[in-house]
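What's counted below: heavy atoms across the whole structure, side chains too, no hydrogens, waters or symmetry copies.
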There are 6 protein chains.
Amino acid sequence: MKKLVLTGAAGRLGSYLREPLTKMCDELVSTDRVDDIGTLYPGESYVQADLSSLDAMLEVIKGADMVVHFGAIGDEAPWDDILQSNIIGAYNVWEAAYRCGVKRVVYASSVHAVGMHLKTDTIGLDAPHRPDTYYGLAKCFCEDLASLYWDKRGVESVCMRIFSCAQATNARSIGTWLSYDDLIHLVERSIDSPVVGFTVVYGISNNDRAVVDNSKAGHLGYRPKDNAEVFAKAVFADTPPLDNKDLANLCIGGPFATVELGNSGVAALGVVDDRKET
Amino acid sequence: MKKLVLTGAAGRLGSYLREPLTKMCDELVSTDRVDDIGTLYPGESYVQADLSSLDAMLEVIKGADMVVHFGAIGDEAPWDDILQSNIIGAYNVWEAAYRCGVKRVVYASSVHAVGMHLKTDTIGLDAPHRPDTYYGLAKCFCEDLASLYWDKRGVESVCMRIFSCAQATNARSIGTWLSYDDLIHLVERSIDSPVVGFTVVYGISNNDRAVVDNSKAGHLGYRPKDNAEVFAKAVFADTPPLDNKDLANLCIGGPFATVELGNSGVAALGVVDDRKET
Amino acid sequence: MKKLVLTGAAGRLGSYLREPLTKMCDELVSTDRVDDIGTLYPGESYVQADLSSLDAMLEVIKGADMVVHFGAIGDEAPWDDILQSNIIGAYNVWEAAYRCGVKRVVYASSVHAVGMHLKTDTIGLDAPHRPDTYYGLAKCFCEDLASLYWDKRGVESVCMRIFSCAQATNARSIGTWLSYDDLIHLVERSIDSPVVGFTVVYGISNNDRAVVDNSKAGHLGYRPKDNAEVFAKAVFADTPPLDNKDLANLCIGGPFATVELGNSGVAALGVVDDRKET
Amino acid sequence: MKKLVLTGAAGRLGSYLREPLTKMCDELVSTDRVDDIGTLYPGESYVQADLSSLDAMLEVIKGADMVVHFGAIGDEAPWDDILQSNIIGAYNVWEAAYRCGVKRVVYASSVHAVGMHLKTDTIGLDAPHRPDTYYGLAKCFCEDLASLYWDKRGVESVCMRIFSCAQATNARSIGTWLSYDDLIHLVERSIDSPVVGFTVVYGISNNDRAVVDNSKAGHLGYRPKDNAEVFAKAVFADTPPLDNKDLANLCIGGPFATVELGNSGVAALGVVDDRKET
Amino acid sequence: MKKLVLTGAAGRLGSYLREPLTKMCDELVSTDRVDDIGTLYPGESYVQADLSSLDAMLEVIKGADMVVHFGAIGDEAPWDDILQSNIIGAYNVWEAAYRCGVKRVVYASSVHAVGMHLKTDTIGLDAPHRPDTYYGLAKCFCEDLASLYWDKRGVESVCMRIFSCAQATNARSIGTWLSYDDLIHLVERSIDSPVVGFTVVYGISNNDRAVVDNSKAGHLGYRPKDNAEVFAKAVFADTPPLDNKDLANLCIGGPFATVELGNSGVAALGVVDDRKET
Amino acid sequence: MKKLVLTGAAGRLGSYLREPLTKMCDELVSTDRVDDIGTLYPGESYVQADLSSLDAMLEVIKGADMVVHFGAIGDEAPWDDILQSNIIGAYNVWEAAYRCGVKRVVYASSVHAVGMHLKTDTIGLDAPHRPDTYYGLAKCFCEDLASLYWDKRGVESVCMRIFSCAQATNARSIGTWLSYDDLIHLVERSIDSPVVGFTVVYGISNNDRAVVDNSKAGHLGYRPKDNAEVFAKAVFADTPPLDNKDLANLCIGGPFATVELGNSGVAALGVVDDRKET
């Protein structure tokens, strides 16, 4: 692996990935729309670029072997914002990847593409799309876009449906946590698998109470190590009984299942920034 | 049913629907972006409006009971065009429908949302999205949008995956034909069904060689009457042997399975206007 | 077929079956708990007997080839009543059938065994039990009882999940109607099929908008002829828009999906006797 | 269609097909191992050839567009006989077809490839192989052979799992009958379908009590017209009660489900020649 | 968790649960129909009560947060006994739970609800009911009852299909063992899971040869630790070859698959009390 | 277990099994067509015999409890060779097993019975046959043969679909490796399981990137311990990017998916003998 491009490098999850990604390639090109992203890691360079510009994407992706695409609004937002960043931006990434002969896009999809499914169904990877927000709708769009680019143009994709990649501090996250280490492990496997075609996989840790079943993505070799059960006792002790008629407690999308479309899930919940859902 | 709105009223299929729709409601408001659509039918009025404007959609949809949404580019097209008409336009329709308290959107989805599936699989309605073009990708988007608006906002939708609604003059259409009468019947059932929630259905006639299975949409009551088999002998007599290694012959999306993204399927095939794929 | 026993002969559906059943056997023994059931048909005799007594059932079933079991409370009722008639009574019938060497029980099960499933799912015969009332719960019990008696004791059963066997006068029944002729046809096939083992089948007419899929019971040869669509226009004209958030409109069990347990669905709806749900 | 080859032209079913096949091509080459097959139809020629010789098959198939392969032992038989005719003979046909550039093999597979499945399961085309005899085992082999030649060499096949193609004179056949007209219709569709890849289809008439479900082969356009129900009353009147613990009555393979391997099913049943199972 | 009620506290499995349950709540109310259950654990009280009395159940359950329902005949028994304890008793528990506002019933269901399924099918949680005894039939009834109370009244349930919770001393138990520790773990998760709706789960240890697949209950977080394989060598050394035509060896219900209905499985097998099947 | 017969004892995998098998029985009879197989292990005897002779198989199998059948050509080969060794030879083994009253055949089937399935589908045991070679076709045949002998004659079989049982030295094997220890473990479980009926299982190690899902064979208790991931880093470092349009990289059959029928997969790849595919 010579050159990797990371979009959304200034974002919360992108920031975590920068260092590990430098170890998986000769050259990591980090990109985001901010001016700079602080001290670079050995082997890393930074290019300021806007996802909304296909030309900018062509410029930054040129010569890359793969693109790790985390650049997008990371929360529910008004439609126009989602449209610009998460839909048009994604098109620009895949189209640039295709034109530049990139082999694969490793993409931060989300549980919210299927967030309206019931937790008690423990769905697998064959469950249909069932988005819970504009944010989730855009993830659905990107998965279908990835399917199209594989079928028609031979660009591979791994769509990682990331769950709760943040501290596991509420009851839902005991089932939905994705540790940073497991995220890195998942990205690694998504990169080093020789052939992936179009693969969708749940990005969730090895939680006792994991709410989804990854067995149809076995070929990818994602074997998470962390388990939110270690936090369960403390978290449950602080949790009042949950209303079992509330979709936020019944659906795997959690609070996104009830948040009004276009309103920030985070804001609606009053959680701190580190709790931001991906 | 008091008031129905028909978008895309100047389009090929929209034009066919105008008269029948006037019989299903007290007042039909036809809309499109052209200046006028010719002589109006009794009970019909015309409003020029652009799908790309949410305000325009709000204006035209206000007071409607249901919207029959056929307005969009009806063929493969460059991404930017699909984005404007088929994605942003669709958002405007559903959002306006929601804000105006509309009960249901009856939507012209397309086989091209699942066009890369193999004809020999005779897929049902549980097959995953597998778009064959930007055009098909936008149909996937709209289906997911419809799912979201039902789950989160209680706006119902019927997504009719229209197949070959034109004269059955080539070999593929013997399996994929949708007669105009059956289209009208399907739209009728989509409108008069008391409750539909989020329903997807294949818009295909009762062809002997129908390439899909509608049994999971039985509740809608769509029972097509026409059968392309009556054209089969004549069409096959004019058809040279088909290349069975060509995806255009293997996939239910037909020529869209091989057309280059963003290029018109129609243009690529050199077919006359009446053959335009929906 | 020499001797058939019909339980519930004084009930609404039982009454309809008496004459047709006399034509399918040499001797029909009709039974119920009332004193008499009026004029008998040629070949018919009547025995007053109570389902709650195993001895009585043994007496009446002795020497029969098959039992057509329609005897039970035909509506939602308090638990104690359902327990006596629909659970204990059913045990007595199957146990007596077994002890008397009867080949098969043809049983009036009901849609209400699966009434909480969504209409828009168009479920098949592989859907799990999902009762909507005590009445439906007892139907589930009888199906499992029938399964047990086949697996362990070789008594065959056909469990006919009867839908709306009454005049089709409301919107739901356009999808769920079972005509009397189709009921008779279904009972005939359930009787004359050479081997049925344990078979479950939906008792529903050939309605355009049938809400379930019988394809897994094809071997039984039930091919309904009637279609409630002939009533649709008149019924819908009288129907105000249905609330699509009301489970009574979303679930195939209809009003039973919302009626309080133990309360009569009929009473709750204020419908006339002929409309009684089976 | 210029040239068709029919193997097994002297067999019971092959004989029925000769005339209809002459109407589907310019030139029909009938072949079998007997000296002659009587008067030829216009457009038909006869070549004596032995399936067990690859050279003979190459000779007869050369220049053909398609092969209709009915040549094999048509009943259960000792292993060595099945091996020669039904396994080695089939290999020779597909291999010759491949070497000669033939587009498609239309093959007389059989219910006995799945004969041990229960009648009450009404299996579809996704049921696994479950042969009931050496005869059925060879059918399984040929279906897998056909799959291999499509996947690896682009030779198409339609494997028609023929049921009871003879007079419907026993209880089982009321469910399993295939009329001669429907057989011809099925062969026609297997030939004139533009692209079939590897398709398996049940060869069964439109019997009310059909024991299998063909919905996954919808693309082939096989729509049988005949229905064994017209014989049901007469046949059942002559049928004593069937033992429902006997696999011959429970399995779709019928008497083959209990016949000893290598013994003729026909002989075991004492039926006349016309009743021979295919 | 303030108050838990345990029914069947004097039974074999109930006895094991008393101490662990005291650690999961402030107050454990143990109940059974015997006079006393010996020395109480800290936080435990005992109430003599009969399941067959709804009033008694209302009395004991009043004020509870959850009920752990293990009270019932723990073996096959005559119908009348099963009816009283396992069916009517269960109704009383759920009805009382509902009336008292209890959040959840944690229920000792059993493998025998699906005992007639084949071991070699390794069924999941989507397999249909297939009871092997009256005992199993009552378990099916309770699961459907639990489904009803969730759908209609919002009372949650976890139905734990307990396998062989006793010493693993015969060949079958190498596949079906449930260790006491794993039982306790399963009950814990059934209690501390924030939302369970209606959940069914197999109560089986992490045996190498586990005969069922729990993947559809992943959300519950049941991760058994024990493995009967440690007993395999010794047990198999003492086991004569098993008859592979005997349903007791083929079905997951084991000896219950062949025991006569109403006869004790234990008695039929001559096993000691500790081997009693749950 | 008194007497075991091992066929193919001189083959690569057979040689590995000889010693472990002696520990699972009193008497191991190893057989192959070579003159001798070197020093025998305690409890082992050798009989030279040819699979192509039923008499020879009857002689060697007489008195055996089980047969471990590894004798066959272990690679793609011309049809005539596969026919003799892998088809006729297999028939002789099962037929002799039946005639000699053998309880079970433990059979070396292969991934190549389903080799044309896509790696990215992570198929389970319910995937249909999809052979990639004559070699794989013969494996399909043997599985169906085993199914037949169980259904009709009560001879049990475990069909182990062995993957890459050799050093893991190429990229594909990181997903498909089967270590020798795991092979031995699998054979042990296939022998010591009390009842197996007809069981198919994937013979693959516990690789992170295992390309198939064994959950439907859970009852067998196969729990592999080894994991090819330990070789991944080194192997990938030596692997140039794989062509993701090449079926050899997309299909689980690997190079067999593209090798010409009848040509050795090994030879085609130029690999050393130890790399031979089973």
Side-chain donor-acceptor contact under 3.5 Å, Ser53(A) with Asp55(A):
no
Min side-chain heavy-atom separation Ile73(A)-Asn86(A) under 4.5 Å:
yes
In terms of ring plane angle, is the pair Tyr149(B) and Tyr98(B) parallel, tilted or perpendicular, where the classes change at 30° and 60°?
perpendicular
Checking Leu83(B) against chain A: side chain, backbone, both or neither under 4.5 Å from a heavy atom?
side chain
Which heavy atom of Thr31(A) sits nearest to which heavy atom of Val60(A), and what is that distance?
CB-CG2, 4.1 Å
Counting only heavy atoms closer than 4.5 Å, note whether Glu95(A) contacts chain B via side chain, backbone, both or neither.
side chain
Under 3.5 Å, is there a donor-acceptor pair linking the side chains of Asn170(B) and Ser173(B)?
yes
Under 4.5 Å to a heavy atom of chain A? For Pro128(B) that would be neither
Taking side chain as everything from C-beta outward and backbone as N, CA, C, O, which of these in Ala127(A) sits under 4.5 Å from a heavy atom of chain B? Side chain, backbone, both or neither.
neither
Student check: side-chain heavy atoms of Asp144(A) and Phe141(B) closer than 4.5 Å:
no
Name the region of Ala113(B), side chain, backbone, both or neither, that has any atom closer than 4.5 Å to a heavy atom of chain A.
neither
Against chain B, work out which of Glu260(A), His129(A), Lys152(A), Met116(A) has the most heavy-atom pairs shorter than 4.5 Å and name it.
Lys152(A)
Counting heavy-atom pairs under 4.5 Å with chain A, the top scorer among Asp80(B), Leu247(B), Thr258(B) is Thr258(B)
